[in-house]
Structure formats: structure tokens, C-alpha cells
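Report on the structure given below.
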Amino acid sequence: MEFFCYHRDRPDSLALRNELLEEHRSYMDRYVTEMIARGPTLTSDRDTPTPTGSVHILDLPDAAAARAFAFDEPGYQAGVYRDVLLRRWRNTLGRTMWDFPGAETGGNRYLVLGFGEGQAADLAAPPGRDELIAYGPLLSDDGATWLGTAVLLRAPDPERARAVLTPDRYAAIEVHHWQFGGRPS
């Protein structure tokens, strides 16, 4: 089962986040084979980007394993995060971020979250898949109900990143600057 997990930072938690960085990375090393995508969301200031959250998309055995992953994370345990969005997810592209043909560098990267209502939308990946890093629906715990869509992509600007989703099908759409995560190589 695939899960989308987004830990949103608490205001003024950067020092604590930095203090726990090695613990966070060591924790994530335990999930390296299950990882589909990962990385921090950032402030819009590209000169000195500051983390605002952490995205992890994983393939785990069940919802209990996903909850354990999300809530046993060292930053969560220490109070770095203000909330956690944890949803079932479907890997529409069938690949990991490391398979992305655009590589880790070049262009702006974004997390686009569409929170849905009503009939499901954007279940299939749109044209221009070359810019999509990860794409899939957010689902209820049982996987039966569409709750929205989560996308990681490369785009020239936030407005074009937002345009990947059908605007009138969502109660809200969030766009966050994002970058590939993991240990530096």
C-alpha cells in the first residue's frame, strides 16, 4: 500500500529541526527500500530557502505501519511539526523520484496538494509527464474514496505548477516549493 505523508513544521522550529537532522536521516535510512519520494518543502525565498515541512511517499504493508512511520519520526516526537497529513496514495506514474528523467537538478520543484470534494478528478497523469516526479490521488484509509491529489513536479513557476490540477474540482490547492531529499551524495 502506498502512502503520502506530509509533516508541516511548527513556526520557529528550524533550530530544533537542524539539531535533529542526523536522527531524521538515520530514521529515514530504515525506509530506503520503501521510499517512492522524499524531500523538504521550502520557503519561497530561493536565495536562502528554509524548510517548512517534509514530504515522504512510501510503499508500506498497511495503515498501522504508515502511522508508525509518521508518528515515530524523531522530529515529530520532539515537536518540530505542527501537523501531519497522512493519506493512502496511488503511484500513477509507477516509478520513484530517482527514476525521474529530469534528474535532481535544474528547474524549480513543487509539491502541489489538491484537497478534493465530490467526484474524483485528475486520476490519470496529465500530458507532459516528463515534468512529473510523482503523481497520484490522495485516498481514504480504505482506499475507496478520493480525497484529492498530490503531485511533485518541475515547473517554471508556482502558477504553472498549480495548473497541473483542474482548479474547479478542488476545495483548496496548495503549492509549496520542494526539493529532492535524502542524504547528500
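Residues: numbered from 1 along the sequence shown. Source: prediction; values computed, not measured.
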- Task: Kindly give the heavy-atom pair with the smallest separation between Ala150 and Leu138, and that separation in Å.
- Result: CB-CD2, 3.8 Å
- What is the minimum heavy-atom distance between Leu20 and Ala78, and which atoms define it? CD1-CB, 3.4 Å
- Message: With rounding to the nearest 0.5 angstrom, report the CZ to CE distance, Arg38 to Met28.
- Response: 6.0 Å
- Give a yes or no on whether a salt bridge exists between Arg17 and Asp9, defined as a side-chain N under 4.0 angstrom from a carboxylate O. yes
- Query: Does the Glu2 side chain pair with the main chain of Asn91, one donor and one acceptor, at a distance under 3.5 Å?
  - Reply: yes
- Path from Leu139 to Leu85 over hydrophobic side-chain contacts below 4.5 Å: no
- Task: Say whether Leu111 and Trp98 are linked into one hydrophobic cluster, either directly or through other cluster members, by side-chain heavy-atom distances under 4.5 angstrom.
- Result: yes
- Query: Side-chain contact, heavy-atom cut-off 4.5 Å: Val80 with His7?
  - Reply: no
- Query: Does a side-chain heavy-atom distance below 4.5 Å link Val151 with Tyr110?
  - Reply: no
- Task: Report whether Leu21 and Val55 are members of the same hydrophobic cluster (ILVMFWY, side-chain heavy atoms less than 4.5 Å apart, transitive linking).
- Result: no
- Ala125 to Leu132 - nearest heavy-atom pair and separation: CB-CD1, 4.0 Å
- For the pair Glu174 and Arg8, find out whether any cationic side-chain nitrogen is under 4.0 Å from an anionic carboxylate oxygen. yes
- Please tell me if the side chains of Tyr81 and Glu73 come closer than 4.5 Å, counting only heavy atoms from C-beta onward. yes
- Query: Is the centre of the Tyr6 ring less than 6.0 Å from the centre of the His176 ring?
  - Reply: yes
- Step-by-step side-chain contact (heavy atoms from CB on, under 4.5 Å) determination, Leu153 to Trp178: CA-CA 9 Å; Leu153 76 157; Trp178 175 82; over 6 Å; no
- Message: So Arg169 and Gln119, do their side chains get closer than 4.5 Å, heavy atoms only?
- Response: yes
- Exercise: identify the closest heavy-atom pair between Val84 and Ala70: CG1-CB, 4.1 Å
- Query: Taking side chain as C-beta onward, heavy atoms only, is Pro101 less than 4.5 Å from Arg95?
  - Reply: yes
- Flag for Thr41-Thr52: side-chain donor and acceptor within less than 3.5 Å: yes
- Looking at residues at least two apart in the chain, or sitting in another chain, which of them share a side-chain contact (heavy atoms from CB on, under 4.5 Å) with Ala65? Leu60, Pro61, Asp62
- Message: side-chain contact (heavy atoms from CB on, under 4.5 Å) for Leu86 and Phe69? Distances and angles first, verdict last.
- Response: CA-CA 10 Å; Leu86 181 62; Phe69 168 82; 5.8 Å; no
- Message: Using modelled atom types and a 3.5 Å cut-off, is there a donor and acceptor pairing between side-chain atoms of Asp99 and backbone atoms of Thr96?
- Response: yes
- Message: Centre-to-centre under 6.0 Å for Tyr76 and Phe71, is that the case here?
- Response: yes
- Task: Look up atom CG in Leu42 and atom CZ in Arg109, then write down how far apart they are to the nearest 0.5 Å.
- Result: 12.0 Å
- Message: Can you confirm whether Asp12 is buried at CG, in the sense that more than 12 heavy atoms of other residues, nucleotides or ligands lie under 6.0 Å from that atom?
- Response: no
- Go through Asp72 and Gln77 one step at a time and tell me if the side-chain contact (heavy atoms from CB on, under 4.5 Å) criterion holds. CA-CA 6 Å; Asp72 290 346; Gln77 290 292 311; 4.3 Å; yes
- Query: Should Asp29 and Arg183 be marked as a side-chain contact (heavy atoms from CB on, under 4.5 Å) after you check the CA-CA gap, both sets of side-chain angles, and the distance that decides it?
  - Reply: CA-CA 9 Å; Asp29 288 347; Arg183 289 186 184 276; 2.8 Å; yes
- Item | Approximate separation, where rounding is to 0.5 Å, of Ser44 OG and His177 NE2 | 5.0 Å
- Query: Does Ile36 offer a backbone N or O that forms a donor-acceptor pair with the side chain of Asp59 under 3.5 Å?
  - Reply: no
- Sub-4.5 Å side-chain heavy-atom contact between Arg88 and Ser140: no
- Examine distances only and state if a side-chain atom of Thr43 and a backbone atom of Thr50 form a donor-acceptor pair shorter than 3.5 Å. yes
- Query: Mind checking whether Phe100 and Leu152 have side chains closer than 4.5 Å, heavy atoms only?
  - Reply: no
- Query: Taking all atoms of both residues into account, what is the closest heavy-atom pair of Asp122 and Tyr135, and its distance?
  - Reply: O-OH, 2.8 Å
- Message: Test your reading of the model: is there a side-chain donor-acceptor pair from Trp146 to the backbone of Pro137, 3.5 Å cut-off?
- Response: no
- Note on the structure: On a heavy-atom basis, the closest approach of Ile57 and Ala134 is CD1-CB, 4.1 Å
- Would you find a donor on one side and an acceptor on the other, under 3.5 Å apart, between the side chain of Arg162 and the backbone of Ile173? yes
